[in-house]
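Below is one structure, written out as structure tokens; the observations come after it.
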There are 2 protein chains.
Amino acid sequence: MGRPRLHADDTVLDATRDLVLAGGGGATTAALSTRSAVPVGSLYHRFGSRDALLAELWLRTVKRFQAGLFAAATAAPPGLDRAVAAAAWTVDFATDQPADARLLLLTRREELVRDASLPATVRAALEDLNEPVIRMLRQLAAEIFGHADRGTVEVVVIAVVDLPYAHVRRHLLAGGDAGRHRPALLRVVRHTLEEARADEVP
Amino acid sequence: MGRPRLHADDTVLDATRDLVLAGGGGATTAALSTRSAVPVGSLYHRFGSRDALLAELWLRTVKRFQAGLFAAATAAPPGLDRAVAAAAWTVDFATDQPADARLLLLTRREELVRDASLPATVRAALEDLNEPVIRMLRQLAAEIFGHADRGTVEVVVIAVVDLPYAHVRRHLLAGGDAGRHRPALLRVVRHTLEEARADEVP
DNA sequence: ACAATTCTAGAATATCTGCTCTAATACTCG
DNA sequence: CGAGTATTAGAGCAGATATTCTAGAATTGT
């Protein structure tokens with residue numbers, strides 16, 4: 001029914017990602033149109049608004065990241081090893097998919113997607129995006145510390161999320177290889193968790 | 001000679017910082033003018049352009065941070081203690097000057113200052129901004145490990161930069177108190193460096 | 001007091017950007 | 001084939017925004 005699509009969504013999203021990463025506010029609708037070879041009208045027909053398009057880009061990027069994250073975590077044995085594997089994925093993601101990693105780690109969602117006037121489905125998707133990760137972090141806290149309360153979960157978040165984030169971000173900004181110091185980073189991750197566990201039951 | 005200034009630079013920079021932190025692209029020249037009670041014309045007379053103004057804000061913020069950093073590092077005894085003191089300053093900065101910390105830790109420079117068409121002096125100042133910190137990190141590595149090569153410096157950077165950054169960022173984003181887990185963080189910093197030192201000379 | 005200098009002041013402008021609108025196009029299904 | 005429908009297509013619009021411009025005001029040095 002109807003005319004088939006001439007351009008794939010991913011074409012548009014890739015162009016958008018590249019222009020956003022190029023910085024300087026270059027991701028205008030006109031530029032998106034030129035870069036992806038998709039007319040402005042088609043962009044609006046497909047995505048509804050520029051904000052909605054950016055939201056879709058964000059969703060795609062986060063989902064790609066999470067897919068690898070859960071795969072890595074599931075493959076590892078429960079407890080400390082699993083936490084370290086989860087942390088390692090952030091580094092590996094930056095190596096495997098540099099463009100997506102740059103978008104995810106160097107851009108905040110609020111900065112990318114401005115307006116709150118989005119389709120309800122998209123907005124809901126954005127809201128619930130972190131839910132599965134939070135569940136995983138809680139489970140990690142339970143595995144490592146025996147119980148998941150505010151304190152233990154916070155330590156896990158810092159060790160598994162924030163620390164790799166800070167590390168990779170620094171190397172991405174410097175244009176260097178984030179994987180180069182992967183072992184050193186993971187040692188600190190493990191250390192952070194071990195020390196917190198030692199403090200828990202004195 | 002000539003008419004004295006009616007408004008202090010800091011008044012303008014404070015208003016700019018607040019509007020930038022409020023997000024949503026609200027830091028327009030008109031908004032800056034209203035918020036700081038300085039006419040648009042005066043802003044341009046003083047700073048030359050919006051970008052130049054934002055660059056000045058960035059410079060002021062980084063210099064404030066570095067001033068405290070070097071003060072803390074100088075006051076501490078060389079070696080491990082000095083590294084821990086440097087790490088501690090990041091946490092204290094977030095506590096003492098929350099607004100500046102938010103700007104520095106949650107905003108990238110490239111995102112704040114768009115154009116490269118800045119006064120040469122300002123651009124040069126932006127370029128050389130990190131130089132003294134890098135020197136300090138190298139010196140810390142030399143003090144702790146006896147020599148500063150790529151590996152030892154990286155460990156110092158992870159412990160003194162990435163780790164506190166991760167810790168503070170989490171709390172700034174959540175609106176919590178960054179100083180709450182200061183002791184635990186510093187313990188991990190010290191431990192990380194001690195362990196790396198033990199590994200260095202097996 | 002006078003001239004020189006620096007700053008204040010905000011209306012006007014030129015540019016840019018997200019978005020809409022109308023028409024045409026190309027495919028599927030009956 | 002023909003009706004229906006989803007998509008393409010891009011010129012044009014309305015609003016916003018950084019910047020300029022011109023006039024005037026306040027202060028200092030002579």
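First the proteins, then the strands, lettered A, B, ... as listed; each starts at 1. Scope of the values below: all heavy atoms of this structure, side chains included, with no hydrogens, waters or symmetry mates.
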**Prompt:** R46(A) side chain N/O closer than 4.0 Å to the phosphate oxygens (OP1, OP2) of dA6(D)?
**Reply:** no
All heavy atoms of R182(A) vs all of A88(A), minimum pair found to be NH2-CB, 3.4 Å
Only one of D9(A), D14(A), T16(A) passes side-chain hydrogen bond (donor to acceptor under 3.5 Å, both in side chains) with R60(A), and that residue is D14(A)
Output for pair (L105(B) CG, Y165(B) OH), nearest 0.5 Å, gives 6.0 Å
Sorted by chain and number, sequence neighbours left out, ring-ring contact (aromatic ring centres under 6.0 Å, His included) with H147(A) holds for none
Of the candidates dA9(C), dA6(D), dA9(D), the side chain of H45(A) sits closest to dA6(D)
Is it the case that the side chain of R170(B) and the backbone of I158(A) share a donor-acceptor pair, with hydrogens and angles ignored and the cut-off at 3.5 Å? no
F47(A) CZ to dT8(D) P, in whole Å, measures 10 Å
When rounded to whole Å, the CG to C1' distance for the pair L43(A) and dC21(C) reads 16 Å
Quick tally for nucleotides 16-22 of chain D: nucleotides whose base has a protein heavy atom under 4.0 Å get B, sugar-phosphate-only ones S, the rest -, giving -SBBB--
Between V133(A) and the options L69(A), V160(A), V62(A), the side chain to side chain contact (heavy atoms under 4.5 Å, CB included) test singles out L69(A)
